[in-house]
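If you read the sequence from its start, that first residue is 1, and numbering goes on from there. Order of appearance sets the numbers: ligands from 1, and atoms from 1 within every ligand.
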Amino acid sequence: MLLPAVLLLALSSVEGTKDCPDYCLCYEHSDLVDCRARGFLHVPFELPDGTWLLDLGGNALTEVQSRAFAGLWSLRVLVLSDSGIQLLQPDAFYSLSFLEKLDISHNNLRRLPSDFSDSLSSVRELRLDHNSLEQLNSLEHLESLEKLDLSHNNLTFLQSGAFRGLSRLRHLYLQANRLGAVRHGSMSMLSTLEDLQLGQNNITQIDTEALTPLTSLNLLALEDNQLRQLKFKTFLSLHTAGTHLQLAGNPWNCDCDLQRIFSKLLSVRHLHVDDYENVTCREPQQLAGALLALVSSQLCIAETATVLVITATVLVTVLAAVVMAEHTRKKNQQRGKGFDDESQSQDR
Ligand SMILES: *[C@@H]1O[C@H](CO)[C@@H](O)[C@H](O)[C@H]1NC(C)=O
Ligand SMILES: *[C@@H]1O[C@H](CO)[C@@H](O)[C@H](O)[C@H]1NC(C)=O
Ligand SMILES: *[C@@H]1O[C@H](CO)[C@@H](O)[C@H](O)[C@H]1NC(C)=O
């Protein structure tokens with residue numbers, strides 16, 4: 001009577017991987033494994049094979065070991081947020097080829113390992129926001145990715161082709177980094193991108209051709225950067241059905257050129273400046289803090305006045321020349337008559 005019971009016990013411990021890990025809560029036959037904020041220092045070893053969602057947020061992992069999730073072929077959603085992660089070991093995401101959602105936000109990552117995306121080709125949503133990433137590399141295998149959150153990091157530049165391979169990307173969040181420019185090539189291959197968030201960076205320049213690849217762009221947010229001037233061509237190269245622009249919170253240099261560019265932006269049918277009413281001037285000093293919409297009609301007055309003065313000067317000069325010419329002609333005519341008279345009198 002005792003033997004079968006012991007056998008059963010032994011069997012069930014062999015099949016221990018089907019059980020819920022200590023200190024975690026499991027639901028739906030261990031498909032959903034909730035290990036949030038339990039003070040874990042490592043990814044627990046014995047996770048149920050069938051785990052579909054694993055939440056390890058709010059722990060103290062520091063790093064994700066190599067093959068930490070090996071064998072979890074069913075995993076679709078993995079949350080590793082707010083867990084003090086500084087390092088992802090090579091092969092950290094081994095076995096996760098069917099993962100669809102990965103959240104590593106609110107950690108201390110400064111870089112990603114070179115094989116980061118190798119096994120993440122099914123991931124559709126990746127959160128890496130609120131880390132300390134300084135550069136981007138190794139995103140190229142994220143071929144199913146639709147939403148990438150890189151906001152609140154420490155990125156200072158995007159290298160050419162930084163997002164190549166992300167041929168389904170629709171939402172790219174890069175706000176609150178330290179980007180200084182949007183360079184030609186950095187947005188290449190992003191023809192499906194709809195939403196590009198670049199606010200709260202340090203952007204002073206956008207290359208004229210930088211936005212050309214973004215043929216599906218609905219929203220380009222550039223608020224709270226360091227833009228003083230724009231080139232109309234930069235936005236004209238956006239060949240989209242319609243794009244909303246957000247441009248407030250920049251230290252605009254409100255001169256006649258800027259007024260002209262904004263009035264063109266406002267008149268082009270496929271471009272919409274959503275926050276035009278909030279666009280303020282930083283320069284010239286006497287306009288600091290003024291709303292562009294309120295002063296824009298005056299910005300070209302000086303220039304118009306100059307043009308008028310020049311036109312008037314030219315007119316006066318031309319008129320004077322004409323009068324002088326007429327005067328000389330008449331004089332010559334008269335003198336010619338005199339000569340004629342003289343010669344006639346000599347002939348006689
Ligand atoms: C960003 O980088 C700068 C310079 O390397 C460093 O001083 C700063 O602490 C970093 N910020 C974050 C949030 O990592
Ligand atoms: C912004 O860019 C300027 C150079 O254009 C640089 O001197 C400054 O340190 C940058 N600020 C931040 C917060 O990265
Ligand atoms: C303008 O700024 C105000 C105050 O920050 C904000 O409430 C409002 O939504 C902004 N309007 C637009 C169109 O962005």
Side-chain angles (χ1 to χ4, degrees), residues 60-64 80-88 103-113 116 127-137 148-159 162 173-184 186 195-208 210 217-231 234-235 242-254 258 261-263 265-268 270-283 287-296:
L61 302 178
T62 329
E63 65 169 48
V64 179
L80 294 168
S81 59
D82 195 20
S83 285
I85 299 170
Q86 296 170 10
L87 190 65
L88 303 172
D103 180 354
I104 325 179
S105 64
H106 296 270
N107 281 294
N108 303 319
L109 289 172
R110 291 180 59 187
R111 61 180 62 86
L112 302 172
F116 172 72
R127 285 192 60 180
L128 283 165
D129 53 292
H130 295 89
N131 275 281
S132 302
L133 294 175
E134 286 168 0
Q135 52 176 301
L136 286 183
N137 47 353
L148 175 57
D149 193 344
L150 288 162
S151 65
H152 296 271
N153 273 285
N154 217 350
L155 300 170
T156 52
F157 78 104
L158 302 171
Q159 72 272 33
Y173 303 148
L174 284 163
Q175 69 270 30
N177 276 279
R178 298 197 298 146
L179 299 172
V182 185
R183 294 280 176 221
H184 179 52
S186 60
D195 180 4
L196 177 55
Q197 299 282 339
L198 285 167
Q200 301 150 61
N201 274 284
N202 196 18
I203 297 171
T204 54
Q205 203 196 331
I206 305 171
D207 286 353
T208 320
L217 202 64
N218 285 331
L219 177 63
L220 174 58
L222 282 162
E223 81 286 356
D224 301 322
N225 274 289
Q226 294 298 322
L227 293 167
R228 301 173 64 243
Q229 274 295 348
L230 279 183
K231 288 201 208 81
T234 309
F235 295 100
T243 304
H244 292 260
L245 305 171
Q246 291 172 2
L247 296 167
N250 281 283
W252 295 112
N253 179 12
C254 293
L258 192 76
I261 290 157
F262 268 92
S263 69
L265 284 181
L266 294 169
S267 66
V268 174
H270 72 285
L271 297 176
H272 315 274
V273 184
D274 285 351
D275 54 1
Y276 181 61
E277 66 195 59
N278 280 350
V279 172
T280 51
C281 305
R282 173 78 55 85
E283 285 169 293
L287 291 180
L291 291 168
L292 178 60
L294 296 184
V295 299
S296 83

* Residue Asp274 vicinity, atoms of ligand 3 by number, heavy atom under 4.0 Å -> 13 (C)
* Asked: Which atoms from ligand 3 have a heavy atom of Asn278 less than 4.0 Å away?
  -> 1 (C), 2 (O), 3 (C), 8 (C), 10 (C), 11 (N), 12 (C), 14 (O)
* Structure fact -> side-chain hydrogen bond (donor to acceptor under 3.5 Å, both in side chains) test vs Arg178 passes for just one of Asn153, Thr156, Asn202, Asn154, namely Asn154
* Is the closest heavy-atom distance from Arg110 to ligand 1 below 4.0 Å? -> no
* Asked: Is atom 7 (O) of ligand 1 close to the protein, meaning a heavy atom under 4.0 Å from it?
  -> no
* Exercise: identify the closest heavy-atom pair between Leu217 and Asp195 -> CD1-N, 4.0 Å
* Scan the protein's non-hydrogen atoms and note whether one is under 4.0 Å from atom 1 (C) of ligand 3. => yes
* **Residue among Leu230, Leu292, Thr280 satisfying side-chain contact (heavy atoms from CB on, under 4.5 Å) with Trp252** => Leu230
* Under 4.0 angstrom from atom 14 (O) of ligand 2, is there any protein heavy atom? -> yes
* Got an N/O contact under 3.5 Å between Asn154 and ligand 1? -> yes
* Around Arg111, counting heavy atoms of other residues, nucleotides and ligands shown, do more than 12 lie under 6.0 Å from its CZ? -> no
* **Option whose closest heavy atom lies nearest to atom 10 (C) of ligand 2, chosen from Leu179, Asn202, Thr156** => Asn202
* Structure fact -> Checking Leu158, Leu198, Thr234 against Val182 for side-chain contact (heavy atoms from CB on, under 4.5 Å), the one that qualifies is Leu198
* Structure fact -> In this structure, atom 4 (C) of ligand 1 is nearest to the protein heavy atom Arg178 NH2, 3.9 Å
* To do: Might you confirm whether atom NE2 of His272 has over 12 heavy atoms from other residues, nucleotides or ligands at distances under 6.0 Å?
  => yes
* How far is atom 5 (O) of ligand 1 from its nearest protein heavy atom, and which residue and atom is that? -> Glu134 OE2, 4.2 Å
* Look at the aromatic rings of His130 and His152 and report parallel, tilted or perpendicular, splitting at 30° and 60°. => parallel
